[in-house]
Amino acid sequence: MKPAARRTSTIRIIGNVALVAGLLVSVITLSSDAGSAEPHLLAGFLVATGIGLRIEAALRDLRT
C-alpha cells in the first residue's frame with residue numbers, strides 16, 4: 001500500500017470516528033440533559049471536524 005493511500009485511509013477513519021462521536025454526544029445530551037449548550041457545541045465541533053476530514057480524504061483521493 002502506498003504511503004499516500006495509507007494517509008488518506010487514516011484521515012477517512014479519523015473523520016468517521018469524529019462524526020460518530022459527535023452524533024453520539026448529541027444523542028446522549030438530548031436524552032439526558034437539554035439545559036446546557038456546551039455539549040451541543042462539542043457535538044457540533046466534532047461533526048464539523050468529521051465532515052471536513054472526510055472532504056479532505058475525498059479530495060486527496062481525487063488527486064491520486
Side-chain angles (χ1 to χ4, degrees):
M1 182 179 249
K2 295 180 182 177
R6 188 175 304 149
R7 189 175 303 122
T8 302
S9 177
T10 303
I11 291 172
R12 188 174 289 122
I13 289 169
I14 293 171
N16 285 339
V17 169
L19 275 171
V20 169
L23 293 174
L24 189 62
V25 166
S26 178
V27 167
I28 290 171
T29 303
L30 285 176
S31 66
S32 63
D33 179 29
S36 62
E38 289 86 8
H40 295 291
L41 292 174
L42 174 65
F45 176 72
L46 285 170
V47 168
T49 302
I51 290 171
L53 287 172
R54 293 283 302 182
I55 289 172
E56 181 181 348
L59 291 175
R60 281 181 185 257
D61 217 12
L62 285 176
R63 280 191 230 148
T64 59

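- Between the side chain of Ser26 and the backbone N or O of Gly22 there is no donor-acceptor pair closer than 3.5 Å.
- When all heavy atoms of Pro39 and Thr29 are compared, the closest pair comes out as CB-OG1, 3.3 Å.
- With Ile14 as reference, Thr10 is the one residue of Ile11, Val17, Asn16, Thr10 to meet the side chain to side chain contact (heavy atoms under 4.5 Å, CB included) rule.
- Of all non-hydrogen atoms in Leu42 and Val25, the two that sit nearest each other are CD2-CG1, 4.5 Å.
- Under the 4.5 Å side-chain heavy-atom criterion for grouping Ile, Leu, Val, Met, Phe, Trp and Tyr, Leu19 is connected to Ile55 within one hydrophobic cluster.
- Contact annotation: the side chain of Ile51 never approaches that of Arg54 to less than 4.5 Å [non-hydrogen atoms, C-beta and beyond].
- Taking CG of Leu53 as the reference point, atom CZ of Arg60 lies at 10.0 Å (rounded to 0.5 Å).
- No donor-acceptor distance shorter than 3.5 angstrom exists from the side chain of Ser9 to the backbone of Ala5, with no hydrogens or angles considered.
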